2 protein chains.
Amino acid sequence: MASQAMFAEIAALSGDPARASMLHALLDGRALTATELAKAAGVTAQTASGHLGRLTAAGLLSVEKQGRHRYHRLASASVARMLESIMAVAAELQPDRARLSVGPKDAALRRARTCYDHLAGRLGVGLADAMIAQGHVELTNDAGILTDPGIAFLRDIGVDVAPIMARRTSRSGRVLCRPCLDWSERRPHLAGALGAALCAHCFDQGWTRRLVGTRAVVVTPKGERAFRSSFGVALDDRGGEVRRG
Amino acid sequence: MASQAMFAEIAALSGDPARASMLHALLDGRALTATELAKAAGVTAQTASGHLGRLTAAGLLSVEKQGRHRYHRLASASVARMLESIMAVAAELQPDRARLSVGPKDAALRRARTCYDHLAGRLGVGLADAMIAQGHVELTNDAGILTDPGIAFLRDIGVDVAPIMARRTSRSGRVLCRPCLDWSERRPHLAGALGAALCAHCFDQGWTRRLVGTRAVVVTPKGERAFRSSFGVALDDRGGEVRRG
DNA sequence: AGAATGCTTCGGCCTTCGCCGTAACATCCG
DNA sequence: CGGATGTTACGGCGAAGGCCGAAGCATTCT
């Protein structure tokens, strides 16, 4: 089968440590330069250039030329989903001891991060849990549904629901959404159009801010208040559970 | 990050052509012996043994000893999902010309095959489409929902709905189901508990039968009648579209 | 017990490929 | 127009690992 060779090629490209680091860095959906990616992977610019060339030639990355910079990004959402699914397996196979002995950078990532176009980590799972508790969404590991009160809620807090509504089913008009297994929390959070819209809203409103050079995001004081008042979510700074009020 | 190394290891393991062939062969959910997998990968038994040892050590496969045979299978559903997601990317990146120039084995695979625990190919997509048309399920690329008439329908034709009903959401009791992007049809078919139950029923009733040494399945005459009468689905043998009556 | 089958281990060959140093090309800046 | 910065091309080094033949266990069959 022809696609079998393609399969192996894609997996092999993702399987080199340096390239894996680059893909990992790109998993937050932003476009990064070759130099930034070289630093992320811990290799020289020449080596990174070679890797990026191969990833782009295969179609996993797309490049955008801007002046003397070349911005690389994941070619499509399906590539992001593939990376997520590999991470899910990695998390599942990861011995528990390795998950406990991690540095402060990991702690920040586990607290809140972006996952291509939506929020993940304790924040992402916490927001999902809050919306479930309030009857705004229903979620399983396999699928999810956004309820009418949930649509009203999102509209209330100012989320642009148009891209979400565009995906409702043709027959009943119900709004389905995609869950994404959180590799650090091992529970589903909101992905798909809903997760993307919610994430975009958080950045627009200044509730969250990206940390440079990492996929981690910080919750601003304004965000703390908003998440508490609108969602009833408070993130414990000392690594504990998410609390719902 | 510790999981980053794990990520690269998993992808690298999946990225070798011989191992990719083995994983591919195991994607139908059955357990195969080392010799069968060696033949599938086109390598000698010694080489296959080495590969299988590495895949098992990493946790991607699980082994079951039975007499002088050792049966290998995918370790978990998340591994199967990962493989599917890589295939989805491969299908997306595949140039169209390569998809047209394929042999008869590919034709059989595209007509009907298993995808870990559910049906795929034109048959899988056709069944999904039929259930959508009759209002039994609603499906998007991201998620799906099984309607009350759909539950009744499945019960009518004798499907064991218990494992499906066990997954309904806690609040409203709605039954969500997982779509899976079909790499040959590029459209979603039914996966998750619903897809697994439906697939199991097809084999139980003798509607479909596995072809030895491949993931392809054949539709029996009895199956032809059942699919036509219960689903309104007829598969065109000459590679055309699925027809709904 | 002896033979056959399934699988694994070991040793050696050989290709692949990741890496960097050097150097060239491209773009922006003063 | 030089100089600085970002990126790519080339060549060579070295390690990793895939492959097989030969041989060794383990299990089953006769």
Side-chain angles (χ1 to χ4, degrees), chain A residues 4-26 30-73 75 212-213, chain B residues 4-26 30-73 75 212-213:
Chain A
Q4 191 131 331
M6 199 66 164
F7 175 103
E9 186 184 334
I10 291 171
L13 283 171
S14 309
D16 174 76
R19 287 193 294 264
S21 297
M22 294 177 178
L23 292 171
H24 219 86
L26 290 169
R30 279 180 299 182
L32 301 176
T33 66
T35 308
E36 290 172 309
L37 289 168
K39 203 188 300 179
V43 294
T44 61
Q46 314 90 287
T47 302
S49 176
H51 286 313
L52 292 170
R54 294 183 59 179
L55 289 169
T56 305
L60 292 176
L61 300 185
S62 66
V63 189
E64 206 171 315
K65 209 171 153 183
Q66 247 180 52
R68 60 180 161 182
H69 295 275
R70 301 194 66 177
Y71 285 94
H72 302 261
R73 68 168 69 244
V212 288
Chain B
Q4 190 130 334
M6 198 67 164
F7 176 102
E9 186 184 333
I10 291 170
L13 282 171
S14 309
D16 174 76
R19 286 193 295 263
S21 298
M22 294 177 180
L23 293 170
H24 220 85
L26 289 168
R30 278 182 300 182
L32 301 178
T33 66
T35 307
E36 288 172 312
L37 289 167
K39 203 188 301 179
V43 294
T44 61
Q46 316 88 286
T47 303
S49 176
H51 286 313
L52 291 170
R54 293 183 62 179
L55 289 169
T56 305
L60 291 176
L61 300 185
S62 66
V63 189
E64 206 172 316
K65 210 173 152 182
Q66 248 180 52
R68 60 182 163 183
H69 296 275
R70 300 194 67 176
Y71 285 94
H72 301 261
R73 65 169 70 245
V212 288

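From a predicted model like this one, the values you see are computed outputs, not experimental measurements. Below, chain A is the first sequence line, B the second, and so on; all start at residue 1.
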Could you check how far [atom1] of [X] sits from [atom2] of [N], rounded to whole Å?
X	N	atom1	atom2	answer
B/His69	C/dC7	NE2	C1'	11 Å
B/Glu64	C/dG6	CD	P	18 Å
B/Leu32	C/dG6	CG	P	14 Å
A/Leu55	D/dT7	CG	C1'	16 Å
B/Leu37	C/dG6	CG	C1'	13 Å
A/Leu13	C/dT16	CG	C1'	14 Å

| Taking only N and O in the side chain of A/Arg70, is any of them less than 4.0 Å away from OP1 or OP2 of C/dA26? |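 A/Arg70 to C/dA26 OP1/OP2: no side-chain N or O under 4.0 Å.
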Could you write out each protein N or O paired with an N or O of nucleotides 17-21 of chain C at a distance under 3.5 Å?
unit_1, atom_1, unit_2, atom_2, d
C/dG18, OP1, A/Arg19, NH1, 3.4
C/dG18, OP1, A/Arg19, NH2, 3.1
C/dG18, OP2, A/Arg54, NH1, 2.7
C/dC19, OP2, A/His51, NE2, 2.5
C/dC20, OP2, A/Thr44, N, 3.3
C/dC20, OP2, A/Thr44, OG1, 3.2
C/dC20, OP2, A/Thr47, OG1, 2.9
C/dG21, N7, A/Gln46, NE2, 2.8

Quick note, side chain to side chain donor-acceptor pair (under 3.5 Å) partners involving residues 64-73 of chain B, not counting sequence neighbours, are none
dist B/Ser62:OG -> B/Leu55:CG (nearest 0.5 Å) comes out at 11.5 Å
Contacts of A/Arg30 meeting salt bridge (Lys or Arg N to Asp or Glu O under 4.0 Å) (sequence neighbours excluded), chain-then-number -> A/Asp28
Heavy-atom closest pair (A/Leu37 atom, A/Ala25 atom, distance to 0.1 Å) is CD2-CB, 4.2 Å
Counting only pairs under 3.5 Å, give me each side-chain donor-acceptor contact of residues 5-22 of chain B, with atom names and distances, residues two or more places apart or in other chains.
unit_1, atom_1, unit_2, atom_2, d
B/Ser14, OG, B/Ile10, O, 2.9
B/Asp16, OD2, B/Ala18, N, 3.0
B/Asp16, OD2, B/Arg19, N, 3.2
B/Arg19, NE, B/Leu13, O, 2.7
B/Arg19, NH1, B/His51, ND1, 3.1
B/Arg19, NH2, B/Ala12, O, 3.4
B/Ser21, OG, A/Gln4, NE2, 2.9
B/Ser21, OG, B/Pro17, O, 3.0

Applying side-chain hydrogen bond (donor to acceptor under 3.5 Å, both in side chains) to B/Thr47 and not counting sequence neighbours gives B/Thr44
Across all chains, not counting sequence neighbours, the side-chain hydrogen bond (donor to acceptor under 3.5 Å, both in side chains) partners of B/Thr33 are B/Glu36
Under 4.0 Å, counting only non-hydrogen atoms across every strand here, what does B/Ala34 touch: a base, just sugar-phosphate, or nothing? sugar-phosphate
Watson-Crick or G-U stems involving DNA chain D, each at least 3 pairs long, distances under 3.5 Å, ordered by first number |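 Correct response: C:1-30 with D:1-30.
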Taken in chain and number order and not counting sequence neighbours, the residues that satisfy side-chain contact (heavy atoms from CB on, under 4.5 Å) with A/Ala38 are A/Ala48
Discussion item. Can a donor-acceptor pair be found, under 3.5 Å and without considering hydrogens, that links the side chain of A/Thr56 to the backbone of A/Leu52?
Written reply: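 Answer holds: yes.
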Quick tally for nucleotides 24-30 of chain D: nucleotides whose base has a protein heavy atom under 4.0 Å get B, sugar-phosphate-only ones S, the rest -, giving ---BB--
